[in-house]
Amino acid sequence: MEDLKGKIALVTGASTGIGAAVAKAYAARGMRVAVHYNASARQARAVVDAIAAAGGEAFALQGDVRDTEAIRRMVQEASARWGGIDVLVNNAGSLVKRVPIAEFDDALFDEVMHLNARSVLAFCRDVVPLMRTQGRGGSIINVSSVAARHGGGPGASLYAGAKGFVSTATRGLAKELAPDGIRVNAVAPGVIQTPFHDQFSTPQMLESFKATIPMARIGEPDDCVGAFLYLASEQLSGYVTGQ
């Protein structure tokens, strides 16, 4: 993956979990990484420090992905830092809370959709013109979920629906942006041990999830990074889009 050296990546939700693992993996291959966070300043700083200690380049970028103006500012800051963006990883998102369908309200619907669906398109809206201007193509990697395929666990229908939106929008964007040399793909993680499940899943739920996994274990963030490295690399996945 020599072609990754010098590329510039913006990874949203990169202070913990899968995002943090991806940011570190990118930096270890010579990429320069904007590490986005919203409230987890200490964790984001730890990611940046770990990258710097290993000889990589990164900086922390704060903003609420539910805020359109914040997204625009973050894209501008990331681009100005090193002169562009080559890889956008739309990883930020949250289940918010588990709620049976008879109990959700409009405010929860809006928050789940803003966090997991609208933010993805908003980042793309601001990054795509930049990639076009750069004239060197680019890779957009959205984060969907296994929930987009099987509907999610108990009380997660809204989240699953939002991730289903991400999966479908990925395919549409791939067709739209192919003429610009911009590839758009999605990674759909299974059950990965991150702060997400620390917050939203009980030990009993995790055990029931594990029982459905052929490898008989819950995944770790590092189990996911290979897919993100592959999709960022033009050398490895230059003929892959809409997947």
Side-chain angles (χ1 to χ4, degrees), residues 8-27 33-48 51 58-79 85 87-97 108-128 130 139-148 152 156 158-167 169-170 173 184-189 192-200 221 224-225 227-228 231-232:
I8 302 156
L10 167 57
V11 183
T12 72
S15 58
T16 62
I18 294 171
V22 170
K24 292 174 184 176
Y26 279 173
V33 186
V35 175
H36 162 262
Y37 71 98
N38 183 26
S40 304
R42 177 179 57 81
Q43 294 92 327
R45 174 48 54 190
V47 172
V48 171
I51 288 172
F59 80 105
L61 190 62
Q62 191 279 332
D64 188 340
V65 300
R66 295 168 297 184
D67 183 338
T68 298
E69 289 304 316
I71 289 174
R72 185 166 294 118
R73 169 185 56 78
M74 288 188 286
V75 170
Q76 291 172 349
E77 288 183 19
S79 173
I85 295 174
V87 178
L88 168 66
V89 178
N90 279 310
N91 172 67
S94 176
L95 190 151
V96 183
K97 63 178 178 179
L108 178 62
F109 178 93
D110 289 345
E111 184 170 10
V112 171
M113 293 302 168
H114 285 181
L115 275 171
N116 298 288
R118 194 179 76 174
S119 69
V120 169
L121 291 188
F123 269 104
C124 291
R125 178 175 57 197
D126 288 335
V127 168
V128 164
L130 179 63
S139 175
I140 295 173
I141 307 169
N142 300 322
V143 177
S144 181
S145 170
V146 66
L158 292 180
Y159 175 78
K163 289 301 188 179
F165 174 95
V166 171
S167 295
T170 294
L173 289 170
V184 189
N185 294 283
V187 176
I192 308 298
Q193 189 65 62
T194 67
F196 178 101
H197 283 293
D198 294 341
Q199 181 177 0
F200 299 117
C224 301
V225 300
F228 290 89
L231 292 172

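Atoms considered below: every heavy atom in the structure, side chains included; atoms not considered: hydrogens, waters and symmetry mates.
- Every side chain to side chain donor-acceptor pair (under 3.5 Å) that Thr170 has, sequence neighbours left out, goes to Asn142.
- A heavy-atom distance below 4.5 Å is not found between the side chains of Val48 and Tyr37.
- In plain terms, the two heavy atoms of Ala20 and Val47 that are nearest each other are CB-CG2, 3.8 Å.
- The two atoms that bring Ser139 and Ala232 nearest to each other are OG-CA, 4.1 Å, heavy atoms only.
- By the side chain to side chain contact (heavy atoms under 4.5 Å, CB included) test, Ala188 pairs with Ser144, Arg149, sequence neighbours left out.
- Judged as a side chain to side chain contact (heavy atoms under 4.5 Å, CB included), and not counting sequence neighbours, the contacts of Glu77 are Leu61, Arg73.
- Annotation: side chain of Ile141 is in contact with side chain of Val87 (closest heavy-atom distance under 4.5 Å).
- Partners of Arg118 under the salt bridge (charged side-chain N to carboxylate O under 4.0 Å, His left out) rule, at least two apart in sequence or in another chain, do not exist in this structure.
- The distance from atom CG of Leu158 to atom CD of Glu111, rounded to the nearest 0.5 Å, is 11.0 Å.
- Looking at heavy atoms from C-beta onward, Val65 lies in side-chain contact with Leu115 at the 4.5 angstrom threshold.
- Between Ile85 atom CD1 and Leu130 atom CG the span is 5.5 Å, to the nearest 0.5 Å.
- Among residues two or more places apart in sequence or in another chain, the side chain to side chain donor-acceptor pair (under 3.5 Å) test is passed with Asn38 by Gln62.
- Scanning all heavy atoms of the two residues, the minimum distance from Ser94 to Asn116 falls at O-ND2, 2.8 Å.
- Remark: Gln76 CD to Ile71 CD1 distance equals 12.0 Å, nearest 0.5 Å.
- Here the shortest heavy-atom pairing between Gly19 and Val11 reads O-CG1, 3.8 Å.
- Thr12 meets the side chain to side chain contact (heavy atoms under 4.5 Å, CB included) test with His36, Asn90, Asn91, Ala92, Phe123; sequence neighbours excluded.
- For Ser145, the side chain to side chain contact (heavy atoms under 4.5 Å, CB included) partners are Ala147, Tyr159, Lys163, not counting sequence neighbours.
- Side-chain contact between Ile140 and Leu173 is absent, with no heavy atoms from C-beta onward closer than 4.5 Å.
- Contact of the Pro189 side chain with the Val143 side chain is registered, since non-hydrogen atoms from C-beta on lie closer than 4.5 Å.
- Considering all non-hydrogen atoms of both residues, Ala23 and Ile51 come closest at O-CD1, 3.8 Å.
- For Asp67, the salt bridge (charged side-chain N to carboxylate O under 4.0 Å, His left out) test picks out no residue, with sequence neighbours left out.
- Using a 4.5 Å cut-off on side-chain heavy atoms (C-beta onward), Leu121 and Phe165 make contact.
- Each salt bridge (Lys or Arg N to Asp or Glu O under 4.0 Å) pair with one or both residues in residues 35-45, not counting sequence neighbours, appears once here: Arg45-Asp49.
- Take Arg72 and apply the side chain to side chain donor-acceptor pair (under 3.5 Å) test, not counting sequence neighbours, and it matches Glu69.
- In this structure, Ala156 and Leu95 approach most closely via the heavy-atom pair CB-CD1, 3.9 Å.
- Shown here are the ring pair (Phe, Tyr, Trp, His ring centres under 6.0 Å) partners of Phe59, two or more places apart in sequence or in another chain: Trp82.
- With rounding to the nearest 0.5 angstrom, the OG atom of Ser79 is 7.5 Å from the CD1 atom of Ile8.
- Residue pairs meeting the salt bridge (Lys or Arg N to Asp or Glu O under 4.0 Å) criterion with at least one partner in residues 11-27, sequence neighbours excluded, do not occur; the list is empty.
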